[in-house]
Amino acid sequence: EHVVFFDPHAHFLPGATPQNPGLKVKFAGEGFLQQFPDQFSPYLHFGCDMKSPFGATLFRFPLRSPEIASRSELRSNAYDPAQVHGLLSALHNRAGELLLFLKNVRSIKVFARA
């Protein structure tokens, strides 16, 4: 029933600061889908209706443009779709090993928008 946004540089998330670079929002029944469809509509594809609690954890990783990556204080690498596909393939190849050490993770699924 919560969504968490992280903005390590405090540049994109309203109210984010370097000391508090994230925001935890209770989304269930709050109308955020209608207010911010560009941010919340992707979760609908996974069965999260943004109205009631969701029984899993979803991660949404944005791709960074080379311009934004070059200004990053964390990592200056930009990843194009082919590189991301390679990273996801590596994750797929090692998922069995990774799951051995993750006590509360039962499955990993990756979805990509074409």
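Computed from heavy atoms alone, side chains included, the values below leave out hydrogens, waters and symmetry copies. Note that this is a predicted model, so its numbers are computed, not measured. Here, residue 1 is the first one in the sequence, and each next residue gets the next number.
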Residues Ala10 and Pro18: closest non-hydrogen pair is CB-N, 3.8 Å
Of all the heavy-atom pairs spanning Pro66 and Ala78, show the shortest one and how long it is.
CA-CB, 3.7 Å
Using a 3.5 Å distance criterion without hydrogens, assess whether the side chain of Ser89 forms a donor-acceptor pair with backbone atoms of His85.
yes
If I take atom OG from residue Ser52 and atom CZ from residue Phe27, how far apart are they, to the nearest 0.5 angstrom?
7.5 Å
Shortest non-hydrogen separation from Ala28 to Pro53 and the atoms involved
CB-N, 4.3 Å
For the CD atom of Glu73 and the NE2 atom of His11, what is their distance to the nearest 0.5 Å?
6.0 Å
Heavy-atom closest pair (Glu1 atom, Lys26 atom, distance to 0.1 Å) is OE1-CE, 2.9 Å
So how far is it from Ser41 OG to Gln34 CD, rounded to the nearest 0.5 Å?
11.0 Å
Taking the side chain as every heavy atom from C-beta outward, state whether Asp7 and Leu23 have any pair of such atoms under 4.5 Å apart.
no
For Pro21 versus Leu13, what's the shortest heavy-atom pair and its separation?
O-CD2, 4.4 Å
If you measure from CD1 on Ile108 to CZ on Arg94, what distance do you get to the nearest 0.5 Å?
11.5 Å
Sub-4.5 Å side-chain heavy-atom contact between Val105 and Leu98
no
May I ask whether Phe12 and Val25 are part of the same hydrophobic cluster, defined by side-chain heavy atoms of I, L, V, M, F, W, Y residues being less than 4.5 angstrom apart, directly or through others?
no
If you define the side chain from C-beta out and look only at heavy atoms, does anything of Phe46 sit under 4.5 Å from Lys109?
no
Are Leu100 and Leu91 joined in one hydrophobic group, where the rule is that I, L, V, M, F, W and Y side chains link up if heavy atoms are under 4.5 Å apart?
no
Connected via hydrophobic side-chain network under 4.5 Å: Phe6 and Phe32:
no
For the NE2 atom on His92, are there more than 12 heavy atoms of other groups (residues, nucleotides or ligands in this structure) within a distance under 6.0 Å?
no
For the side chain of Arg60 and the backbone of Tyr43, is there at least one donor-acceptor N/O pair under 3.5 Å apart?
no
Closest heavy-atom pair, Leu74 versus His9, reported as atoms and distance to 0.1 Å, is N-CE1, 3.7 Å
Parallel, tilted or perpendicular: which one describes the rings of Phe40 and Phe36, with boundaries at 30° and 60°?
tilted
